[in-house]
Peer 1: 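Below is a structure I'd like to ask you about.
Every chain is numbered from 1 and lettered A, B, ... according to where its sequence line falls, protein lines coming before strand lines. What you see is a predicted model, and the numbers here were worked out from it, not measured in a lab.
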Amino acid sequence: MSKKFYITTAIPYVNAKPHIGFALEIVQADALARYHREAGDEVLFLTGTDENSLKNVQAAAKEDIATQALCDRNAAIFFDLKNALNLSFDSFIRTTEERHILGAQKLWSTCKKEDIYKKKYKGFYCVGCEAFYAEKDLTDGLCPEHKTKPDLIEEENYFFKLSNYQDELLKLIESDKYQVVPETKKNEITSFIKMGLEDFSISRSTERAHGWGVPVPGDESQIMYVWFDALSNYITALDYAGEQKLFNQFWPADVHVVGKGVIRFHAVYWPAMLLSAGLELPKELFVHGYINVGGEKMSKSLGNVIDPFELVQQYGTDAVRYYLLKQVHPVEDSDFTVEKFEEVYNADLANGLGNLISRTSNLIEKNFDGKIKTKSVKLKTNTDGFIKEYRFDSALKLIQEQITVADQMIDREKPWELVKTDTNKAEEVLTDVANKIVSIAVALKPFLPATAEKIIAQFTAAKIVKGESLFPRI
RNA sequence: CGCGGGGUAGAGCAGUUGGCAGCUCGGCAGGCCCAUAACCUGCAGGUCGCGGGUUCGAGUCCCGCCCCCGCAACCA
């Protein structure tokens with residue numbers, strides 16, 4: 001019996017290039033999507049881009065091009081991750097698409113009338129930053145960035161009555177009806193909710209937004225706050241504004257995969273919006289950690305941002321996927337260095353998996369003319385449990401152990417000697433090892449899809465030949 | 001001030017419900033010679049930040065303290 005499985009990533013801003021952190025998120029989601037497809041589930045895997053930010057307007061102005069043109073160009077780069085990282089997403093949503101705009105407006109209109117209200121907001125507005133500052137964030141009454149005196153302006157915006165949902169949200173999250181993983185993040189969010197939720201602004205003036213963004217339905221003077229529209233991508237991509245065929249089939253989401261920086265939007269704002277609109281809540285929120293570089297936070301000013309495209313170009317798609325899934329901790333922050341990357345590559349992929357494939361296929365080709373019949377056997381150790389707990393690292397560690405077991409078998413049985421004394425025994429041993437390799441490859445499918453396919457093809461062929469190195473040593 | 005995460009072998013990290021402290025790299029010593037100078041075996045190296053407590057038993061739970069690092073409402 002097949003189940004449906006709807007998985008999403010957060011949608012990143014397009015005003016910067018994709019970095020290794022987003023690559024982590026989307027590769028994790030991809031591994032889950034592939035795992036569920038293998039299990040026979042009906043999978044919908046969604047990603048996309050968040051394009052309604054004022055930052056895009058500013059960036060486009062600087063380059064003297066249209067905002068939409070800038071978004072088109074940059075969104076294409078994010079889409080290219082599909083090739084670079086061999087991603088299997090089925091759907092890609094951009095928040096400047098009409099289906100999204102209509103969907104976001106529909107969600108707005110569907111929210112309970114009493115949850116959205118107008119309020120006058122007064123604050124210090126810096127024209128240079130195009131942002132409001134709280135009085136305490138000003139330095140000597142000046143904008144910390146531009147050192148200019150901000151204007152005290154008053155604006156009427158729409159607010160969302162988050163306070164209406166405080167108790168209900170707390171109950172839903174504490175009871176795991178909307179399950180936040182890992183536990184530490186769940187605790188963080190429940191204690192945040194207990195501190196009391198304040199209503200939040202969900203629109204800004206069209207003027208201040210430079211007319212860029214999703215117009216508030218029925219009020220041309222206002223543009224939706226980016227997060228209100230961005231979060232709705234999870235349903236607008238399901239044709240929420242149209243015929244809703246996908247929506248009916250796939251909503252609610254089985255899991256939203258997000259980074260720790262956007263928990264509040266996903267664990268508080270988003271479910272509150274859905275409750276207000278009378279829609280079902282997603283089932284799980286999986287929160288991954290961040291990747292630091294050489295102990296420092298990745299930042300443009302430090303110039304230490306790791307570009308996934310460059311990594312892939314240098315080391316290959318599956319090497320990058322392997323590092324992200326095996327070496328990066330799924331939920332804790334992890335450190336990235338090129339040295340560590342190469343160490344793991346050599347130890348696990350070149351010396352481990354690659355060398356095992358190499359020595360085994362060589363023994364079979366040389367001594368049995370490549371004629372050994374293989375079948376996939378079940379690994380004694382099963383990765384399912386770990387994958388369900390999002391422990392990609394543990395799952396791959398388990399597979400790594402099986403590679404060692406295969407190496408041990410070869411060293412113990414010495415098939416290169418057996419072929420001289422007992423051909424049958426040698427064939428038996430190599431069949432065992434080859435079967436084990438096929439099983440390992442099957443287990444690797446969600447993590448290293450291309451490598452897994454290559455190995456399976458190699459070891460189920462009529463004639464098994466050595467072929468090229470999968471992962472040459474660095 | 002508040003919230004959160006860390007402090008475990010030379011380096012980098014794992015350690016789910018408390019039950020002989022593990023992994024990778026590096027070091028040392030063997031083995032093998034099929035393989036990508038790869039593989040296998042063994043050894044050395046830890047007062048698990050400090051001090052208390054609970055327990056038959058604590059890296060793991062509780063209390064206090066000392067360092068490091070994030071967050072503090074629009075950052076994956």
Peer 1: At under 4.0 Å between heavy atoms, what does A:Gly21 touch on the DNA or RNA strands: base, sugar-phosphate, or nothing?
Peer 2: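 The answer is base, as A:Gly21 lies within the cut-off (heavy atoms under 4.0 Å) of a base atom.
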Peer 1: Hey, does A:Arg412 reach any base, or is it just sugar-phosphate, or nothing, if we go heavy atoms under 4.0 Å?
Peer 2: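 Result for A:Arg412 = nothing.
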Peer 1: Picking from B:C34, B:U36, B:C75, which would you name as closest to the side chain of A:Tyr13?
Peer 2: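 The answer is B:C75.
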Peer 1: Kindly say if A:Arg473 contacts the phosphate of B:A38, meaning a side-chain N or O under 4.0 Å from OP1 or OP2.
Peer 2: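 For B:A38, OP1/OP2 do have a side-chain N/O of A:Arg473 under 4.0 Å.
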Peer 1: Given side chain to side chain contact (heavy atoms under 4.5 Å, CB included), test A:Met224 with A:Ser203 step by step and report yes or no.
Peer 2: CA-CA 4 Å; A:Met224 279 185 205; A:Ser203 77; 5.8 Å; no
Peer 1: Would you kindly compare A:Val262 and A:Glu188 by the position of their nearest RNA chain B nucleotide and give the one closer to the 5′ end?
Peer 2: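 Taking each residue's closest nucleotide, the earlier one in sequence belongs to A:Glu188.
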Peer 1: Check every strand shown and say whether A:Thr404 touches a base, only sugar-phosphate, or nothing at a heavy-atom separation below 4.0 Å.
Peer 2: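 Counting heavy atoms under 4.0 Å across all strands, the contact made by A:Thr404 is with sugar-phosphate only.
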Peer 1: Does A:Ala347 reach a base, just sugar-phosphate, or nothing at all? Heavy atoms under 4.0 Å.
Peer 2: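 The residue A:Ala347 makes sugar-phosphate contact but no base contact.
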Peer 1: Roughly how many Å apart are B:A44 and B:G30, using the C1' atom of each and rounding to a whole number?
Peer 2: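 It comes out at 15 Å once rounded to the nearest Å.
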Peer 1: Tell me: CG of A:Leu24 to P of B:A76, nearest whole Å?
Peer 2: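 After rounding, the reported distance stands at 13 Å.
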Peer 1: Identify whether any heavy atom of A:Glu417 sits under 4.0 Å from a base atom; if not, whether one sits that close to sugar-phosphate; answer base, sugar-phosphate or nothing.
Peer 2: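 The residue A:Glu417 makes sugar-phosphate contact but no base contact.
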Peer 1: Hey, does A:Lys185 reach any base, or is it just sugar-phosphate, or nothing, if we go heavy atoms under 4.0 Å?
Peer 2: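 Nothing: the residue A:Lys185, judged by heavy atoms under 4.0 Å, touches no strand.
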Peer 1: At 4.0 Å (heavy atoms only), tell me whether A:Val258 reaches a base, stays on the sugar-phosphate, or touches nothing.
Peer 2: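 Touches sugar-phosphate only.
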Peer 1: Is there a salt bridge (Lys or Arg N to Asp or Glu O under 4.0 Å) between A:Lys119 and A:Asp199? Walk through the geometry before answering.
Peer 2: CA-CA 11 Å; A:Lys119 195 171 89 174; A:Asp199 296 351; over 6 Å; no
Peer 1: Let me know the distance between CZ of A:Phe341 and P of B:G12, rounded to the nearest Å.
Peer 2: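 After rounding, the gap between these two atoms is 20 Å.
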Peer 1: Return the orientation label for the A:Phe265 and A:Trp227 ring planes: parallel under 30°, perpendicular over 60°, tilted otherwise.
Peer 2: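 Answer is parallel, since the angle falls under 30°.
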Peer 1: Do A:Thr317 and A:Asn86 have a side chain donor and acceptor closer than 3.5 Å?
Peer 2: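 No pair is found: no donor N or O on one side chain lies under 3.5 Å from an acceptor on the other.
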Peer 1: Taking the same atom, P, in B:C67 and in B:C74, what whole-Å distance lies between them?
Peer 2: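 Between the two P atoms, the distance is 30 Å.
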Peer 1: Taking the nucleotide of RNA chain B with the closest heavy atom to each, which residue, A:Leu363 or A:Gly261, is nearer the 5' end?
Peer 2: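 That would be A:Leu363.
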Peer 1: Between the base of B:C34 and the ring of A:Trp416 - centre-to-centre under 5.5 Å, planes within under 30° - is that a stack?
Peer 2: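 Answer is yes, a stack.
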Peer 1: State whether A:Glu174 and A:Lys194 are salt-bridged, where the test is any N-O pair (Lys NZ or Arg NE/NH1/NH2 against Asp/Glu carboxylate O) under 4.0 Å.
Peer 2: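 The answer is yes: the pair qualifies as a salt bridge.
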Peer 1: Thinking salt bridges, do A:Asp30 and A:Arg34 make one under a 4.0 Å N-O criterion?
Peer 2: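 Yes, this pair counts.
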Peer 1: Is there a Watson-Crick or G-U wobble partner for B:C43 with both distances under 3.5 Å, and if so, which one is it?
Peer 2: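 Matched B:C43 with B:G27 under the 3.5 Å cut-off.
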Peer 1: Say you pick atom C1' in B:A14 and the same atom in B:C23; how far apart are they, in whole Å?
Peer 2: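 The same atom, C1', in both gives a distance of 6 Å.
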Peer 1: Hey, is A:Tyr290 doing a stacking thing with B:A76, by the 5.5 Å centroid and 30° angle criteria?
Peer 2: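 Stacked: centres under 5.5 Å apart, planes under 30°.
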Peer 1: Which of these nucleotides, B:C74, B:C34, B:U36, is closest to any side-chain atom of A:Tyr225?
Peer 2: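 Output: B:C74.
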Peer 1: With sugar-phosphate meaning primed atoms plus P, OP1 and OP2, does A:Glu339 contact a base, only sugar-phosphate, or nothing at under 4.0 Å between heavy atoms?
Peer 2: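 It contacts nothing in the nucleic acid.
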Peer 1: Round to the nearest Å and state the distance from A:Leu398 atom CG to B:C23 atom P.
Peer 2: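 Taking atom P of B:C23 as the reference, CG of A:Leu398 is at 15 Å.
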Peer 1: Is the phosphate of B:C39, meaning OP1 or OP2, less than 4.0 Å from a side-chain N or O of A:Asn351?
Peer 2: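 Answer is yes, contact under 4.0 Å.
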Peer 1: Expressed as a whole number of angstroms, how long is the span from A:Ile455:CD1 to B:A35:C1'?
Peer 2: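 In whole Å, B:A35 C1' lies 15 Å from A:Ile455 CD1.
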Peer 1: Has A:Lys260 got its NZ or CZ under 6.0 Å from the middle of the six-membered ring of A:Tyr290, at an angle within 45 degrees of the ring axis?
Peer 2: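 Judged by the rule, A:Lys260 and A:Tyr290 form a cation-pi pair.
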Peer 1: Side chain of A:Leu470: nearest nucleotide among B:C39, B:U36, B:A76?
Peer 2: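 Closest nucleotide among those given: B:U36.
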Peer 1: When the C1' atoms of B:G18 and B:G26 are considered, how many whole Å apart are they?
Peer 2: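 Nearest-Å result for B:G18 against B:G26 at atom C1': 33 Å.
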Peer 1: Mind checking if A:Ile20 touches a base, just sugar-phosphate, or nothing, with heavy atoms under 4.0 Å?
Peer 2: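 Nothing: the residue A:Ile20, judged by heavy atoms under 4.0 Å, touches no strand.
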Peer 1: With rounding to the closest Å, how many angstrom separate the P atoms on B:G19 and B:G2?
Peer 2: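 One P to the other, the span is 33 Å.
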Peer 1: Look at the side chain of A:His329 and the base of B:A14, then say whether one donor and one acceptor between them are separated by less than 3.5 Å.
Peer 2: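 Such a pair does not exist between side chain and base.
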Peer 1: Is there a side-chain contact between A:Lys55 and the phosphate of B:C75, meaning an N or O under 4.0 Å from OP1 or OP2?
Peer 2: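 Affirmative; the distance criterion is met.
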Peer 1: Mind checking the P distance from B:A37 to B:G45? Whole angstroms is fine.
Peer 2: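 Roughly 32 Å separates the two P atoms.
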Peer 1: Would you say a side-chain N or O of A:Lys397 is under 4.0 Å from OP1 or OP2 of B:G22?
Peer 2: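 No, A:Lys397 has no side-chain N/O under 4.0 Å of OP1/OP2 on B:G22.
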Peer 1: Please work out if A:Phe471 contacts a base, only the sugar-phosphate, or nothing of the nucleic acid, heavy-atom cut-off 4.0 Å.
Peer 2: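 Base: the residue A:Phe471, judged by heavy atoms under 4.0 Å, touches a nucleobase.
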Peer 1: Quote, to the nearest angstrom, the C1' distance that separates B:C25 from B:C61.
Peer 2: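 To the nearest whole Å, 34 Å.
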Peer 1: Could you work out which one of B:U36, B:C39, B:A14 sits closest to the side chain of A:Asp407?
Peer 2: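 Of the candidates, B:C39 comes closest.
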Peer 1: Verify the contact: side-chain N or O of A:Arg359 to OP1 or OP2 of B:C40, cut-off strictly under 4.0 Å; return yes or no.
Peer 2: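 Result: no.
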Peer 1: Can you measure A:Lys194 atom NZ to B:G2 atom P for me and round it to whole angstrom units?
Peer 2: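 Between P of B:G2 and NZ of A:Lys194: 19 Å.
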Peer 1: Can you tell me how far CG of A:Asp50 sits from CG of A:Asp229, rounded to the nearest 0.5 angstrom?
Peer 2: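 Reported value, rounded in 0.5 Å steps: 6.5 Å.
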Peer 1: Would you say A:Asn355 places a side-chain N or O within less than 4.0 Å of OP1 or OP2 belonging to B:C39?
Peer 2: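 A:Asn355 to B:C39 OP1/OP2: no side-chain N or O under 4.0 Å.
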Peer 1: Among B:U36, B:C34, B:G12, which nucleotide has an atom closest to any side-chain atom of A:Lys340?
Peer 2: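 It is B:G12.
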Peer 1: Hey, are A:Glu51 and A:Arg94 close enough for a salt bridge, meaning a charged N less than 4.0 Å from a carboxylate O?
Peer 2: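 Yes, charged N to carboxylate O under 4.0 Å.
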Peer 1: For B:U47 and B:G10, measure between their P atoms and round to the nearest Å.
Peer 2: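 About 9 Å, rounded to a whole number of Å.
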Peer 1: Who is the Watson-Crick or G-U wobble partner of B:G70, with both distances under 3.5 Å?
Peer 2: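 Its partner is B:C3.
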Peer 1: The side chain of A:Glu343 is closest to which nucleotide in this list: B:C32, B:C25, B:A73?
Peer 2: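 Ranking B:C32, B:C25, B:A73 by closest atom to the A:Glu343 side chain puts B:C25 first.
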Peer 1: Counting just side-chain N and O atoms, does A:Gln408 come under 4.0 Å of either OP1 or OP2 of B:U41?
Peer 2: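 Answer yes for this pair, as a side-chain N or O of A:Gln408 is under 4.0 Å from OP1 or OP2.
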Peer 1: How would you label the contact of A:Ser191 with the nucleic acid (heavy atoms, under 4.0 Å): base, sugar-phosphate, or nothing?
Peer 2: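 Counting heavy atoms under 4.0 Å across all strands, no contact is made by A:Ser191.
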